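Fair warning: this is a prediction, and the values are worked out from it, not measured in the lab.
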Amino acid sequence: MKPASTPPEWRVVSDTTRDVVGVDLDVTGMTCAACAARIERKLNKLDGVTATVNYATEKAHVRVADDAAAAHDLIATIEATGYGAHLPSPGVDEPDRLGFLRRRLIVAVALGVPVLLLSMVPPLQFDGWQWVALALATPVATWAAWPFHRAMALNLRHGQATMDTLISVGVTAAYLWSLWALLFTPAGEIGMEMSMSLDIGPAGGEHHIYLEVASTVVAFILAGRYFEARAKRRAGDALRSLLDLGAKDVAVLQPDGSERRLPIDELVVGDRFVVRPGEKIATDGRVVDGRSAVDRSLVTGESVPVEVGAGDAVIGATVNAHGRLVVEAVRVGADTQLAQMAQLVEEAQSGKAPVQRLADRVAGVFVPVVIALAIGTLVGWLVVTGESQRSFSAAVSVLIIACPCALGLATPTALLVGTGRGAQLGILIKGPEILESTRRVDTIVLDKTGTVTTGVMTLVDVQPTGGASRDEVLTLAAALESGSEHPIARAVVAGADGLVLPRVDGFENRPGVGVTGTIDGVAHEIGRAQTDVERGPGATVVELRRDGHVLGHLAVADTVKATSADAVVGFRRLGLEPVLLTGDHQATADAIAAEVGIAEVRADVMPADKVATVAALQADGKVVAMVGDGVNDAAALAQADLGIAMGSGTDVAIEASDLTLVRDDLRSAGDAIHLSRRTLATIKDNLFWAFGYNVLAIPLAMAGRLSPAIAGAAMAFSSFFVVSNSLRLRRFRAAGRTLR
């Protein structure tokens, strides 16, 4: 339950033992994974606070037990760590990080390239050229490199070191060494005979200068940061486009029948509004007048418009294709399906997959270790060779090549792109830890009604017994079923259209069994047939009883979804063995299974037995995914290693699941597993590259085989590679178009 004192910026987060609220904070000033790890440690030291900080999304996702800390306390803690933080403000423009980096990059390239050419091409050198190089390199090593120097100073003030420390120390050392050599050694007096090439030779002696290092390293790293920031922005495009889908204003009907156009924020539950052809439906609601086809592709990924009329539910941000609709608002603001989708996606992107935790631990200790290795390299080379310039060059190369940018970006950028692409396809991943489950799944259990079949049943037969008339059986059955949400109940009630239904007292719904109630003081119940009754293929029969005596039987029939057979084929391509699980009779279940190509069927299964069935499969060594949509599936979804809820299902089922499918298409379950596996594989590829890069590069730098300039270029390229590899997930295609 939400505490009375909870401020509006907090979200309620369910917890079984205590009140928990959550908030997202935008964090500024982070430059690497070590920064995120430091902020996370500081926040988690606060009493009752659990936080995750994501470098790629630049957000802190904080959960606070019993309202132990206010938002300003969390912000103060982050600021005391040397970074900035604030509550998300949609109306406030964020700082133009790309523009900030672009300006410094242009200066670094414009001034750094001439320094590099003068250093590398002896024919270009002239008397006093080294002083020209100094003049060009100074703005690069100071103004262009200022973000690194500032971050190092802030971190040192708090006794910390990050990748900016490595860059700042390397650039500053190269620049100050060169300045000292020019001012106090013959390096400032000699001309063309003094080559500042990357080859270390006796001509340079003690007077070798490194202005090309001080400038080109800054240019390379700024270029890496710039392309990294641009790629990160592209990675978040899916979520931003999702948030932008909603209508901005709405034509609300007034009591006198006139229309008044209002901003969408002023719409309240119960308002009726008009949606004309081509307009977006402003919020989740129910059609009260008119008929039309609604294009839901932007929200659910469905390509075919859906016909709606009076009484049908519609989703906000979908488009009215033709016809005038009057819709009554049912959910507004943060309660709408679109807002909840965006929240699920953002929470998934802000979380951490288990594979990320190793990277976080490494990043937390990496910088101090690298500084120690650089010092060891400097001392070792001095002892072995006595050559200061070679020793210095190797030490600076170690500092620059080891920057853990790629390590920090490996997981969050893949999550950012993968979950965003999933949202575009109508696949919502609750958290990054779900990715590990999808990798291991080998069995997929499918609920029948509403999952494999349409769930839209039709009453096909009524057979009275014991002297009751057909209308009497149908009237009593429909009265009992009118309080149930089950598809069979809806079919029976629809079949009694036009009949006057009696009042039912003491209504009770028994999931998987049926419903009971008292009519005119007599106990009635309707549920599974206890006697053998002739039925057609795929038909389901329920039995009406009065005081335990059978009054009649009612048969309803369901139809298989057009895409279910294709979905089963897709599951097998992914290495998953499908199992049909239903509370229906064996004959009905066998008919449905045969139609879609499922070999293993578990029928006559009660809700509690569904859990036991999943548990039995797990006990046999299977890793089980469960797909369902009803209240009676919730427990089994929670029991499964991977719970997948159809978005057309009940809130209870969706809450118990790990993945939610917005599209009412079973093929989406295969897409969800396939996309999750692709995302996990991308994360592992990224981590392998990041770890392998450092494992190979640091020894080469320590051995003097890499110049500082080349080290800077290689470090920038590694980050760019990791982000670009993650962006490949944007090309993922859903089943029915291309299964990749």
Side-chain angles (χ1 to χ4, degrees), residues 23-45 51-62 74-89 94-101 104 145-168 221-222 224-233 235-236 346 349-352 356-357 359-368 402-416 686 690 715-716 718-720 722-723 726:
V23 68
D24 288 331
L25 297 174
D26 290 336
V27 181
T28 58
M30 292 192 297
T31 56
C32 67
C35 300
R38 181 171 312 107
I39 298 171
E40 193 172 289
R41 285 196 302 270
K42 291 289 186 181
L43 289 175
N44 285 323
K45 287 180 181 178
T52 57
V53 180
N54 192 307
Y55 169 50
T57 59
E58 298 180 331
K59 287 186 179 293
H61 178 62
V62 188
L74 302 173
I75 292 172
T77 300
I78 295 174
E79 289 176 343
T81 312
Y83 303 90
H86 57 85
L87 290 166
S89 303
E94 293 294 320
D96 183 10
R97 176 169 170 77
L98 278 177
F100 174 84
L101 290 170
R104 281 173 165 73
W146 176 246
F148 311 128
H149 302 322
R150 180 180 179 276
M152 183 190 73
L154 287 173
N155 288 313
L156 290 181
R157 190 189 311 168
H158 295 88
Q160 304 290 341
T162 67
M163 64 162 288
D164 291 295
T165 307
L166 305 182
I167 298 169
S168 181
I221 295 175
L222 282 174
R225 290 277 178 92
Y226 173 76
F227 289 114
E228 172 190 314
R230 194 171 72 169
K232 282 164 63 177
R233 176 173 290 185
E346 189 159 4
Q349 292 178 346
S350 298
K352 292 186 179 180
Q356 170 70 10
R357 307 202 182 280
D360 284 348
R361 288 196 296 270
V362 171
V365 299
F366 196 72
V367 173
C403 293
C405 293
L407 197 61
L409 292 168
T411 297
T413 52
L415 275 178
L416 196 64
N686 288 348
M715 189 276 288
S718 69
S719 297
F720 180 72
V722 163
V723 176
S726 299

A.B. asks: Minimum heavy-atom separation for Ala414 to Ser726, with atom names?
C.D. replies: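 Closest approach of Ala414 to Ser726: N-OG, 3.4 Å.
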
A.B. asks: First locate atom CG of Leu74, then atom CD of Glu79, and finally report the distance between them rounded to the nearest 0.5 Å.
C.D. replies: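 One finds 11.0 Å between CG of Leu74 and CD of Glu79.
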
A.B. asks: Let me confirm one number: the NZ-NZ distance from Lys42 to Lys45, rounded to the nearest 0.5 Å.
C.D. replies: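 One finds 5.0 Å between NZ of Lys42 and NZ of Lys45.
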
A.B. asks: Please say which of Asp24, Asp26, Thr52 ends up in a side chain to side chain donor-acceptor pair (under 3.5 Å) with Lys59.
C.D. replies: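 Testing Lys59 for a side chain to side chain donor-acceptor pair (under 3.5 Å) against Asp24, Asp26, Thr52 leaves exactly one candidate, Asp26.
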
A.B. asks: Looking only at heavy atoms, which two atoms of Ser168 and Phe148 are closest? And how far apart?
C.D. replies: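 Looking at all heavy atoms of both residues, the shortest contact is CB-O, 3.9 Å.
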
A.B. asks: Of the non-hydrogen atoms in Arg38 and Tyr83, which two are nearest, and what is the gap between them?
C.D. replies: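 Closest approach of Arg38 to Tyr83: NH1-OH, 2.8 Å.
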
A.B. asks: Sub-3.5 Å donor-acceptor pair from the side chain of Asn44 to the main-chain atoms of Ala51, do we have one?
C.D. replies: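 Side chain of Asn44 to backbone of Ala51: a pair is present.
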
A.B. asks: Please give me the minimum heavy-atom distance between Trp146 and Arg104, naming the atom from each residue.
C.D. replies: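 So the two residues come closest at CD1-NH2, 4.2 Å.
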
A.B. asks: Which pair of heavy atoms, one from Ile78 and one from Gly84, lies closest together, and at what distance?
C.D. replies: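 Closest approach of Ile78 to Gly84: CG2-O, 3.9 Å.
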
A.B. asks: How would you list, by chain and number, every residue that makes a side-chain contact (heavy atoms from CB on, under 4.5 Å) with Ala60, sequence neighbours excluded?
C.D. replies: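 Counting only residues at least two positions away or on another chain, Ala60 forms a side-chain contact (heavy atoms from CB on, under 4.5 Å) with Leu25, Val27, Leu43, Val53, Val62.
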
